[in-house]
Amino acid sequence: MRTRFAPSPTGSLHVGGLRTALFSYLLAKKHGGTFILRIEDTDQAREVQGASEHFVRMLTWAGMPPDEGVMLDEAGTLIEKGEHGPYFQSARLTKYHAAVETLLKNGHAYHCFCTAERLDAMRQRQQAEKRAPMYDRLCTHLPKDEVQKKIEAGEKYVIRLKVPDENIVFSDEIYGKLSFKAHTIDDQVLLKSDGFPTYHLAHVVDDHDMRIDCVIRGEEWLPSLPKHLILWKCFGWDVPKYAHVPLILNSDRSKLSKRQGDVSVEAYVEKGYLPETLVNFLALLGWNPGTEQEVFSLPDLVNAFSLDRVQKSGAIFDLQKLSWLQGQWMRKIPLDAFVARIRPSVEEHYPESKDDPNFIKKAALIQERVTFFAEAPEMLLYFYREPSVDMEIVASKKQKIEKSDVPKIVEFLKKTLEQIPDNAWSTEAVQAALEAQIPDSGFKKGQILWPLRAILTGREYSPGAYEVTGLLGKEISLKRLKANR
Ligand code: GLU
């Protein structure tokens, strides 16, 4: 199974592009096949320097570097590898020209000398008559010698596909059976006047040359599919499978756009999303595993993926789901790897954390709640700095704690915790002492533990009271309680 991702180097990689790449990668890997990266750089005016390298880097970040085509070598230089190159379309012009010659010779294509002005006027007329804008085939009637004369006179021309008068029926791997009426198919430009091919011609030639088994691409190409099918037939080549993946939508069902959030993969990398998160999230945009499972690693996806579980309707980009998945993947990181990732930034904020024998335990506590590595210093603040405590948080209405109760609660906490011998202080000892005494305190468990946690951390949300108290140690815990009576 050979599949490809074929982006145009016109900017940074879009999340929709990464999802298309992912589906192609998954299909190839599911069959032990080859995932190819081809760069479609035939629109030189729109080309952005460095975009190709950026694509490879983003694919590599996501864990799916190409097996063939454009890739990075060990030194990080952009190279091409494979027997079906070149893999940059701009280096394949002779191949497109040869393909066009074949079509011209067999009467499947023709020269068109119509000027931009004529085409504009034609389109306006068609629009006024409420007809679909289509080339009116004026140049199909030019005799051969006239074509030759015009070429020799240096007139600009394009090559157009001569669409045959037959309806087309095809089965898309995702959209199912499709049919197109011949009279609705435009005589597509195949070769532009600058000698560059259009996407339509180039991808057919390349997907044939590169032995692609299944073309996976965005739904926006579906209307062009009939022209592509005609081209395959005119060349006499076997048609690969085509799978058009659904659009990605904002929560209001509009097409995913920059205005409603970030659309570049890089933006999510910079925010601190893990590759596992983004890959997992994008897989579920349009693909339904058919089970309740939501957390999938890349190998899990390779196992479970199939195109027949990809839906046709647009898939909603749900940022809450993304954030939830990020949490799931942060929790899965082995503790030592998590500690290694957060250590430098935490030490920068709190140099004393370097010699803290309980650092790993503290890290483990925040790993349960963290969304991004960058949050670690802030989440650990109260372990290394005095938090400021707001009485509005300590006397929580939700916990049914009156401000007037706070001194009594603090008194109880001090008395109970002071009884724990210094050398026996631990999370377990704190828990045992409090659980033994709370029933006689006149307060409910929550009325005791909430203020304890709020006073020690200054926060409404933090790890549990026993853990925080245990790890803060006796001296600091009692000091903070005394300061907040
Ligand atoms: N260069 C095209 C694009 O970026 C590729 C479409 C395809 O995968 O065939 O949309």
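As the structure lists them, so they are numbered: ligands from 1, and atoms in each ligand from 1.
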*asked:* Could you identify the single nearest non-hydrogen protein atom to atom 10 (O) of ligand 1 and state the distance to 0.1 Å?
replied: W221 NE1, 3.1 Å
_Return the closest protein heavy atom for atom 8 (O) of ligand 1 as residue, atom name and distance._
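That would be R4 NH1, 2.7 Å.
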Going by distance only, is there an N or O of [X] that falls short of 3.5 Å from an N or O of ligand 1?
| X | result |
| --- | --- |
| H203 | no |
| Y199 | yes |
| R217 | no |
| A6 | yes |

*asked:* Can you confirm if the aromatic rings of H97 and F196 lie within a centre distance of less than 6.0 Å?
replied: no
*Would the F281 and Y273 ring centres measure less than 6.0 Å apart?*
no
Any chance the side chains of [X] and [Y] put a donor and an acceptor closer than 3.5 Å?
| X | Y | value |
| --- | --- | --- |
| D300 | S297 | yes |
| Q188 | Y135 | no |
| Y350 | D356 | no |
| R217 | H244 | yes |

_Counting only heavy atoms closer than 4.0 Å, does ligand 1 sit against the backbone of E40, its side chain, both, or neither?_
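Under 4.0 Å from ligand 1, E40 contributes side-chain atoms alone.
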*Heavy atom under 4.0 Å from ligand 1: found in F5's side chain, backbone, both, or neither?*
neither
*Could you tell me whether D209 and R92 have a side-chain N and a carboxylate O separated by less than 4.0 Å?*
yes
*Contact between G218 and ligand 1, counting heavy atoms under 4.0 Å?*
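Flag not set, G218 not near ligand 1.
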